Every structure is written in structure tokens, then in C-alpha cells.
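To start, the structure itself, in C-alpha cells.
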Amino acid sequence: MKNYKPETLCVQAGYKPKTGESRIPPICQSTTFFYGDTQSMADCFDLKNDGYFYSRLANPTVAAFEGKVAALEGGVAAIGCSSGMSATALCAFTLAGEGDNVLCSRAVYGGTFNLFGTTLPKLGIECRFFDPDSSAEEIEKLIDGRTKLIFTETIANPAIVVLDIEKISAVAKKYGVVHAVDNTLATPVLCRPKEFGANIIIHSSSKYLDGHAAALGGVIVDCGNFTFKGNERYSSFNLPDESYHGLVFADLPDAQFATKCRAQMMRDLGAMMSPQNAFLSYLGSDTLALRMERHSQNAELVAKFLAAHPAIESVLHPSLPQNKYHALAQKYLPRGQGGMLSFTIKGSAADCARFMESLRLITQETHVADVRSCVLHPASTTHRQLSEDDLKKAGVPHNLIRLSVGIEAAEDIIDDLDSALSLAFKN
Ligand SMILES: *Cc1c(COP(=O)(O)O)cnc(C)c1O
């Protein structure tokens, strides 16, 4: 399936029925699987054959979705997780342990920021945050012998920061460190981070992949392009794993990261995607390529409209020529820049509330990246706990509104924004 375009992979990859079987993946709602002889089951436990035996580790419906996302990202294997957050956590735990450190971009999803900044340190894993816009030299200074992971995001909200993936991948490669990219808001339809050197791709499939706000989920993709064998930084891949009869993960022919992640971390932490959610996500992702095209077109039109509106102070969307990330977006997101957009109004937090409450079509939600347009006021919601100073650092002023542009008719979205701005600013 490797040479097909994303449009084709969205509808064809991950599942191929045999004669007489259902055309789309059946929901295999079973925790456990039958074996007629003892040896085949033992071989499963030894990772010698890849049959299913327990749905905490692998399930046929989940495998269909995993196969589709792996094909879309050009990876060698993928793991379906219960949420995007569990995907990120499992990725970190597969690579790092007590005494190690990870580097994380400051422009990441809020949950990721908390996981790396608060929870991992409690377990003895230090996190060193960096500004993704800083130079390779600045970022390199943070790496030492115990650095196990560099974690970044292709498009980060609410400031809509576009990552220079090649810059970070080059640093990671120079030091033999794994580079993981959260590609949730770009999706493999708009950007494939592997092509720019990323080693692991993380998704919250709760967003565009599912696309319908129906199923929580996450995916970890192993790009199969990192050499663990002989890399002293990753002794846990090079030493025998006693919980697997002395298996050395670095010696596996492929998917060393994904195999270790599933066999150890999924086994021990159990944050597996459910078959029902895998089915919904598989189904939703059939239309991913079509939707991303429309999300991007609509967001570009909305960005142009807002940028020209007298009540608007600034608009953040990489499609705008004046945007700080316009040049990077032309390189990394040439097919479209996605539906995430932020803007500041000429007014206060109270004016933002008046405007948002005047919207009739666009709803207020914490969710983003599904078919329906929605808005959020980050300073009073997702970033509510931050001090004035931290709000400034995070690029979240009190007059900032985040808009996830859906696939409704662009005219209707713009009309709703226009009417609400008129109502909110009429005096
Ligand atoms: C939502 C989101 C996550 C977390 O995913 P959940 O499925 O909600 O756990 C991670 N990264 C990004 C970019 C997200 O938007």
C-alpha cells in the first residue's frame, strides 16, 4: 500500500477482507481469542507469531485502524491507544525512565505540557522545554547523555505554531535521539513528518482522524527509521528483557520501538483502544482527505474575512501571507494549512464572551478538529490556571479566541462570525 496517495489509503488501507467476509472491518467485540493447541498460544506469548490472544494487547478491529494510520504516515507499525494522551505517555515510557530526561517543545497541546512538565518529573523523568522557533544550537545545548526523546507538534494551538520539522530531526539525528512528532492537527493528509526525518508519530485520533467527535483515541506510529542497535543511549533496547525471556528489542528485524511499546508498556499500562472506538475511527478516517481539503479551504477564507474586519486586531493562520509561519507552512503544509485558527478582537475578555454568545451556528466547545465549527476562549478555559505572566509566555492574551473551522459552507461560517461581531460591537 506504500505507493498510494493519501486519498486512496484513507479508503483502502488497513483492512482487506477475504472471500465472503464483511467489506468493512467487523467490530471484534471480544476480549479473548481461541487457540486449539498449546504451542500456537505459547508462540503468541513469545512474540513468535502475531496471532491475537487478548484485546489489551491487540485486537483485529483495532489492527485495521492501526494499519490504516501506519500506511498514511508511511510507518512500519502503529499502536491504537485509548486516547491521544495515553499514546504520548506510552511513547515517553517506552524510551525514558527514572534519571532520564526528555526535551519538549513549549508549543504543544496543554495536556502534553502537563504530562511532561508535571507528571513525568514525579516519576523521575526530567523535562526540558524549548522554544520551537529557537535555533538548532540553542536546542542542542539541552541534550545530554540521558536525553531519550525530543517531542514536538506539527501545528500547535492556540498560537497556531508551525514546526520546522527538519531542523529538530537534524538535531535528533546528530545526537542519536528519537524525535517524536504529534501530527494530530496536520494529519498525514497535509503533512507526513517521516519525510522530514521524524521517527515516531503521535495522533489524538479523537480529532481529525475520527473527524466526527464520536470516538476518543490515540495512535503511535513507528516510522522504522531509527537505529536502536548499538546506540548506547538506549540500553533498554540493547539489553535482554527479562520479562520476555531475554529478548533484545534492538535485534528484531523491524518495528523495534512499536514492539517494545506494545509488549511492555501496553501490557503493563493497558491503555488500549477499544474495538468500538477503532471501528468508528476507521470509518471516520475514510473521508479524512476530503475533509482536510475543505477544512483548509474554509479556514483560509475565514482567516481572510477576519483579517479585513475592523473589530479584529490580529488573525493567526499560516495561509495568510503576513503570518509568521507562512513560509514554513509552504514547505510543510503545501496542500492546505488545516482548520485551526486563532484571532484577537479589539476588546476585553468580556467582549470576547459577548461575541461568542452571539454566535448562532458556531458553538462553544473544548473540542477541536471535527466537522462542526466551534470556538473557545483559552484564557478563561484551557489556560485558566495560568498566571498573567504565563499567559503572556504561552501567547494567550485575554482577547484571544480559538476557532476550529468545520466543513459547513464557508459563507455560513463567515456570516455567523459577521453577525456576532456586529451584535457584540454595536455600541
Ligand atoms: C486533543 C489532543 C491531544 C490529546 O488527545 P486526547 O485524545 O484528548 O487524549 C494531544 N495532542 C493534540 C495536538 C491534541 O489536539
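When a ligand or atom number is given, it counts from 1 through the structure's own listing order. Remember, predicted model here, so these are calculated numbers, not experimental data. For this chain, numbers begin at 1 and follow the sequence in order.
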Ring-plane angle category for Phe249 and Phe237, please: parallel below 30°, perpendicular beyond 60°, tilted otherwise. perpendicular
Contacts of Ser314 that satisfy side-chain contact (heavy atoms from CB on, under 4.5 Å) - sequence neighbours left out: Thr344
Could Lys331 and Glu166 be called an ion pair, given the rule that one side-chain N must be under 4.0 Å from one carboxylate O? yes
At a 4.0 angstrom heavy-atom cut-off, ligand 1 is contacted by Ser83, Gly84, Met85, Tyr109, Glu153, Asp182, Thr184, Ser204, Ser206, Lys207, Gly217
Consider only side-chain N and O atoms of Asn238 and Asn231, and report whether a donor and an acceptor are under 3.5 Å apart. no
Are Phe33 and Tyr54 near enough that their ring centres are under 6.0 Å apart? no
Aromatic ring pairing Phe257/Phe228, orientation class (parallel under 30°, perpendicular over 60°, tilted between): parallel
